[in-house]
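Data block below; observations after.
Because only heavy atoms are used, hydrogens play no part in the values below, and waters and symmetry mates are left out as well, while side chains stay in.
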Amino acid sequence: MREYRQLTQDEIQVLEQNVCWAEDWTRVRVDVDFRPYNFHRVIFYGDIQLGRFEKKIEVAKGFFKHSGINDATLRNVSVGNDCLIEKVGNFINNYTIGDDCYISNISTIETLEGASYGAGSTISVLNEMGDGNVTLFRELNSQLAALMVKYSRDKQFTFRLRQMIDDEVRFSQPERGTIGNRVKIINTKDITNTVIKGDCEVNGAARLADCTILSSEDASVYIGTGVICENSIICDGCSINNSVKMQDCFVGEACQITNGFTAEASLFFANSFMANGEACAAFCGPFSASHHKSSLLIGGQFSFYNAGSNTNFSNHAYKMGPLHWGTLERGTKTASGSYVLMPATIGAFSVCFGKLMHHPDTRNLPFSYLIAYGETMYLVPGRNITTVGLYRDIKKWPKRDKRSKQSKKSIINFDWLSPFTVGEILQGIKVLEDLRHASGDNVTTYNFHEYVINASSLQKGLKYYDIALRIYMGAVLKRAMKEGFFGMPKSEVGAGPWSDLSGLLLPLSEELRLVDDIKSGGVENIQQLLSRFDDINANYSDYRWAWSYQLILDYYHLDELTTEACERIREDYVRARRAWIAEIRKDAEREFQQGDVEQEVLDDFLDKLDHEIDYEN
């Protein structure tokens, strides 16, 4: 706890000689080691606390200025040690400023009555005209937001959860606006009712109002030129720059929002990238991306997603090249409401078309392509399993997680094959087999609702799905044997259907149990709820084995896992994996033949495929 004292008469005299003035010098209290020599043309109103001003501050690379306060008006302000505050055009009012800060060429920083700092308000996500369903606060992550949206119609659940959030907000709410240690704020017009944590830089922003910026030493936040941000929360490691306009939003860890992007009542979670376009009532889960001016993300839920230019989605031309970002989670509508041409999804959430297709049953054909020829829509089941794009995405997403170890609020499971996605594959196999049984083998096409599946595509779809099944079972068995629990599962938890809470893959039974515990009071506060997410994720391997064990027995018609059965499964795994790599090689060579790829790029990619045998054992 810092000790303060009153100014001496000699110190007051020095300050006044430097054209400083106070409404009441007795209300200006200073650090015990305070020296008054680095203050010029400063006006003090109300209660002022000042630290020591002994060091120099680096204001630009290689350019140091002595700490102090020059050309500023302060009212009810606390300033820490070794700050440099200068050229305050209007005033700083009702604020606590930490150590080693540099604040220069700003207009106003103040806290007004009723400040919320962006916490506690409820926005409407997915339905821009609907009732609010997601409450913004500091500890929000993609899992909690997904729960809020998914169970928003459960009044008891919503009431109890909002009680816990209100308690958390009250507990964490500061008495007035704060600026943490080592913060740099320059060339900025207006900061009102905003909490700025340590190591943040605000450079050229137009307006920050009722916001919380959760910067940290190992994951600093940058707010740049022309940014207007209101009633929003920005998490560790983010960059908001180049005239972004944002209102009623939550921006999760390591997100980048830039180049005039406009967002209202939207959520952006871990590693999302948004530029040029617009979002309204959008739920952008981990690794969502939008680059184009014509892209409007509205009323949709996305993850591991790249919005192309309206119906163009040109990013899918880049598969071996460095520009490929990945594909759509569950599809979306264009701004006009028409449906778009898209490959099926990739990554931890790669299950189905979902919203993209008109009929809900089409969700049971995962990793598929939808291709339009005139008025006819062709469905190519499972095609995306054997593409270069999928292979690259499997490898790249973990590497593109830019979050620091200390700022990983949202849980992201990168398994592309999991009980969640493989469960969809099993349903896809059933759909295709039922089609073949109903129409026979002597047909050229199969009709599935309003879509056409060529006979050859159906056969290949079954082949691709079976390859994925055998890869999954062999990989899970290999992990289980290494971890020492490849026999009968310890528990049946995980044996049933699975769910995806925006990055957290979990048994549906555990999700429902968590919802019931929230409603009954078994989960008492937000910290306990977040711990439950962590516990569920920590038990993923056990839950996965409980689900996979029965799958293996059923697939291989076994009563139990014997040594011989395990060896057979391993051999099937190796064969399936090599068949998968061979199909990906064909896809790469086809792309090269089309002239889209340099020889060097192809050779490098094929060399990586050749080393896949290193991962078989």
Within the 3.5 Å criterion, strictly below it, is a donor on [X] or [Y] matched to an acceptor on the partner's side chain?
{"X": "D167", "Y": "Q163", "answer": "no"}
{"X": "Y305", "Y": "S290", "answer": "no"}
{"X": "D190", "Y": "T108", "answer": "no"}

More than 12 heavy atoms of other groups within 6.0 Å of [X] [atom1]:
{"X": "K430", "atom1": "NZ", "value": "no"}
{"X": "E492", "atom1": "CD", "value": "no"}
{"X": "D131", "atom1": "CG", "value": "no"}

Hey, would you say the F283 and F269 ring centroids sit under 6.0 Å apart?
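F283 vs F269: aromatic centres under 6.0 Å.
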Results of side-chain hydrogen bond (donor to acceptor under 3.5 Å, both in side chains) for E201 - residues two or more places apart only
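side-chain hydrogen bond (donor to acceptor under 3.5 Å, both in side chains) check on E201 returns N203.
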Distance-only donor-acceptor hits, side chain of residues 475-485, under 3.5 Å, sequence neighbours excluded:
| from | atom 1 | to | atom 2 | distance (Å) |
| --- | --- | --- | --- | --- |
| K478 | NZ | Y573 | OH | 3.3 |
| K478 | NZ | Y615 | O | 3.0 |

Qualifying ring pair (Phe, Tyr, Trp, His ring centres under 6.0 Å) pairs with a residue from residues 111-157, counting only residues at least two apart or across chains:
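Passing the test, one end in residues 111-157: Y151-F157.
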Pairs where residues 523-533 contributes a residue and the test side-chain hydrogen bond (donor to acceptor under 3.5 Å, both in side chains) is met, not counting sequence neighbours
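Those involving residues 523-533 are E168-Q527, D517-R532.
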Students often mix this up, so state it plainly: with edges at 30° and 60°, are the rings of F261 and F268 parallel, tilted or perpendicular?
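F261 vs F268 ring planes: perpendicular.
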Keeping to residues at least two apart or across chains, list the salt bridge (charged side-chain N to carboxylate O under 4.0 Å, His left out) pairs with something in residues 506-515.
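Output for this query lists K150-E511, E510-R513.
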Sequence neighbours left out, cut at 3.5 Å: what donor-acceptor pairs do the side chains of residues 235-247 make with other protein atoms?
| from | atom 1 | to | atom 2 | distance (Å) |
| --- | --- | --- | --- | --- |
| D236 | OD2 | S216 | OG | 3.0 |
| N241 | OD1 | T225 | N | 3.1 |
| N242 | ND2 | N259 | OD1 | 2.9 |

Stepwise side-chain hydrogen bond (donor to acceptor under 3.5 Å, both in side chains) check, N94 with N76:
CA-CA 5 Å; N94 291 326; N76 295 336; 3.2 Å; yes
